[in-house]
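These notes concern the structure reproduced below.
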Amino acid sequence: MQQDVFAQAVSTLKGVGPKVAEKLQRLDIHTVQDVLFHLPLRYQDRTRITPLGALQPGIEAVVDVEVKVTDVVFRRRRTLLCKVGDATGSLTLRFFHFSKAQQSNLTTGVRLRCFGEVRRGPSGLEMVHPEYQQLTEDLTPEASLTAIYPTTEGVHQLTLRNLTDQALALLRAGRALQDWLPPDLMAEPAMLSLSDALLTVHRPSPDDDIQALLAGVHPAHQRLCFEELLAHRLALLTLRAQTQEQKAPAMSVKGTLLNQLLEALPFALTGAQTRVIDEILTDVRQDKPMLRLVQGDVGAGKTLVAAAAATRAIEAGYQVAIMAPTEILAEQHLLNFSNWFEPLGVSVGWLSGKLTARQKRSSIEAVAMGQSQLVVGTHALFQDDVQFANLGLVVIDEQHRFGVHQRLALRNKGASGDSVPHQLIMTATPIPRTLAMTAYADLDCSVIDELPPGRKPVTTVAVSYARRAEVIDRVRAAITEGRQVYWVCTLIEESEVMQCQAAEDTYQVLIDALPEYRIGLVHGRMKSSDKEDVMARFKASELDLLVATTVIEVGVDVPNASLMIIENAERLGLSQLHQLRGRVGRGSAQSSCVLVYQPPLSKNARERIATMRDTNDGFVIAEKDLSIRGAGELLGTRQTGLAEFRIADLARDKGMLDAVASAAQQMMHAQGTSVAPLVRRWIGDRNQQYGGV
Ligand code: ADP
Ligand code: MG
């Protein structure tokens with residue numbers, strides 16, 4: 001049998017010494033196979049010469065030009081400016097780093113071929129540091145698209161190109177690359193062979209459909225996207241299968257505590273809450289760990305569902321941990337759970353990062369001794385020194401803020417012997433079904449698809465910054481009616497410091513404009529006790545207007561607040577806007593939200609604002625968000641690591657997800673040996689995020 005060349009270390013390729021190999025590791029490239037699966041991020045189109053007259057800012061283009069005049073100018077830094085032209089227009093080439101030779105070669109009359117990104121400069125269009133060469137008769141444009149690879153510092157495109165050439169040469173020479181897809185799948189007419197797909201995606205040929213390649217919908221792309229999505233799904237299903245083999249405490253109890261909780265409530269459960277609670281109770285009766293995601297729009301009443309689940313564990317003699325992503329939200333849960341549970345004789349503990357060392361020690365001790373039956377907290381709950389006496393249920397609120405790997409860490413936290421706690425995950429970010437299938441294939445899902453009765457949809461309007469005075473009038477009117485108001489200052493691109501500064505400034509402006517009212521301020525750089533104090537006063541109606549940064553985004557619940565102003569709304573993503581807006585419309589009053597924006601609006605911003613005006617439905621908004629932003633941003637790529645696909649794009653490729661799901665099911669069912677290698681091929685080291693299957 002021939003040795004598998006693709007399994008060999010990347011250092012067997014020419015040009016890969018120890019230094020390069022080390023850098024390649026940062027790109028997750030260890031073997032020759034990894035080179036093949038390091039797929040282009042995008043393509044450059046160097047196949048056509050663009051006349052200067054047709055250039056647009058923002059595009060990359062090849063141009064053939066003649067040098068008019070070259071000058072060195074001294075502005076803030078020494079700059080070489082080379083004015084060039086063709087029959088249709090002119091362009092400036094700008095260089096900040098240049099040699100004497102370069103300067104003297106770019107003399108008047110010299111003809112060049114340049115490639116670069118066009119941008120608007122101080123005097124017309126320009127290219128900064130374009131690639132260029134002398135134009136000669138025999139210089140033909142590239143025959144096909146140029147692949148651009150994801151890279152890291154110190155690894156050039158040319159290096160990656162060179163390595164791919166070597167790996168592709170092996171494929172072309174007929175060295176076998178094992179295809180792990182089931183043969184009957186391959187019988188589908190559209191399925192290219194793996195080798196052909198890789199060859200095309202890395203080195204498109206002149207005959208390939210350029211538009212399809214640029215858009216990522218070429219059959220070669222689709223073949224690889226399918227396989228990548230399949231690998232991710234298999235990773236999650238493997239994780240799920242492993243979970244199913246674990247044990248968890250079976251909680252069969254009478255349900256006395258739940259009944260007591262419900263009887264004490266001033267309202268009845270909604271139908272959706274009842275249904276989801278039933279689903280949860282069915283899960284925790286089993287001796288297998290529950291892993292359930294509860295999705296419910298903002299204000300749907302998820303907290304109560306968590307409380308209902310908690311009663312079950314507590315009655316069965318187990319501890320419950322409730323974890324929230326922010327201090328403010330954790331504090332609010334502490335308040336709610338204390339109000340609900342302490343009258344029932346259940347002791348509620350508290351663990352947050354800001355406790356004094358002494359308080360922390362005693363909290364930790366109460367948890368370890370089992371004195372705290374229910375513990376509310378932030379990440380602090382899951383630090384090493386926190387040990388539970390007998391943790392039976394973990395509730396994680398607002399899951400989208402935690403990554404998959406954190407979810408796994410928590411699961412292991414309460415493990416004792418071969419038993420792990422049940423896990424309930426709650427998210428207010430409605431995840432489009434398509435995305436949920438991919439991101440949460442290892443979870444069961446419940447949806448609270450009904451709001452408590454009497455809620456009126458929030459009316460949303462958008463006004464430009466120039467009309468801020470009218471907005472202030474609106475605030476005055478709302479307060480006069482006895483309502484409370486949020487004024488949210490956002491500056492997402494700048495630092496947190498600047499965001500807080502902006503809030504301070506607005507706070508001053510509003511104090512001057514509305515001297516007769518009680519105005520508070522919260523932002524991320526205040527001391528927690530001060531923050532807490534302001535929030536408590538707002539909650540107690542001791543403040544009429546709360547100026548805040550996006551720290552209030554998640555979970556804050558003040559039903560009497562019926563007006564929200566969001567500044568710089570054009571800079572926020574849809575899900576964040578929806579989260580923020582969810583802070584109003586929680587009481588019976590008609591609520592409204594004013595999106596204040598700075599014109600001009602980009603196309604996307606206009607679309608986002610229109611969506612907010614048109615609907616209050618979180619699921620509609622989430623689908624829209626997915627199509628505008630793409631999955632990576634939606635899930636918070638940095639946090640989850642999950643959506644970092646090499647080639648797939650959930651928004652673009654969602655049409656294939658059903659087929660992916662059934663192929664994955666089939667492969668899991670067959671219990672074949674192809675699952676692990678397929679996962680390893682696509683996810684490699686990053687697979688730790690899936691529990692390292
Ligand atoms: P979210 O799903 O956003 O976490 P919360 O759990 O904070 O929502 O609930 C929002 C508000 O609705 C709270 O004030 C809560 O007390 C109230 N609530 C929850 N369930 C019901 C219900 N069935 N009927 C009326 N109000 C409810
Ligand atoms: Mg909540």
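Indexing begins at 1, ligand by ligand and atom by atom, following the structure's order.
Near L269, the atoms of ligand 1 lying under 4.0 angstrom from a non-hydrogen atom of the residue are 23 (N). Atoms of ligand 1 lying under 4.0 Å from at least one heavy atom of T303, given by number and element, are 4 (O), 5 (P), 6 (O), 7 (O). Atoms of ligand 1 lying under 4.0 Å from at least one heavy atom of T270, given by number and element, are 23 (N). Taking a cut-off of under 4.0 Å to the non-hydrogen atoms of R586, the atoms of ligand 1 that pass are 3 (O), 7 (O), 10 (C).
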Quiz item: Where do Y517 and T480 land on the side chain to side chain donor-acceptor pair (under 3.5 Å) test, with the steps shown first?
Solution: CA-CA 9 Å; Y517 296 121; T480 311; 3.2 Å; yes
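Within the 4.0 Å heavy-atom cutoff, G299 counts among the residues contacting ligand 1.
Residue-level proximity to ligand 1 for M426 is absent, since no heavy atom of it falls below 4.0 angstrom.
Residues E279 and S446 bring a donor and an acceptor atom of their side chains to less than 3.5 Å of each other.
For the pair R275 and D278, the salt-bridge criterion is not met [side-chain N within less than 4.0 Å of a carboxylate O]. E570 and R606 are not joined by a salt bridge, as no carboxylate oxygen comes within less than 4.0 angstrom of a charged side-chain nitrogen. In summary, R525 and D530 do not engage in a salt bridge, as defined by a charged side-chain N under 4.0 Å from a carboxylate O.
In this structure, Y318 has its ring center at least 6.0 angstrom away from the ring center of H422.
When the heavy atoms of P452, G296, P266, A268 are ranked by distance to atom 23 (N) of ligand 1, first place goes to A268. Among Q579, R583, E450, R455, the residue whose heavy atom lies closest to atom 17 (C) of ligand 1 is R455.
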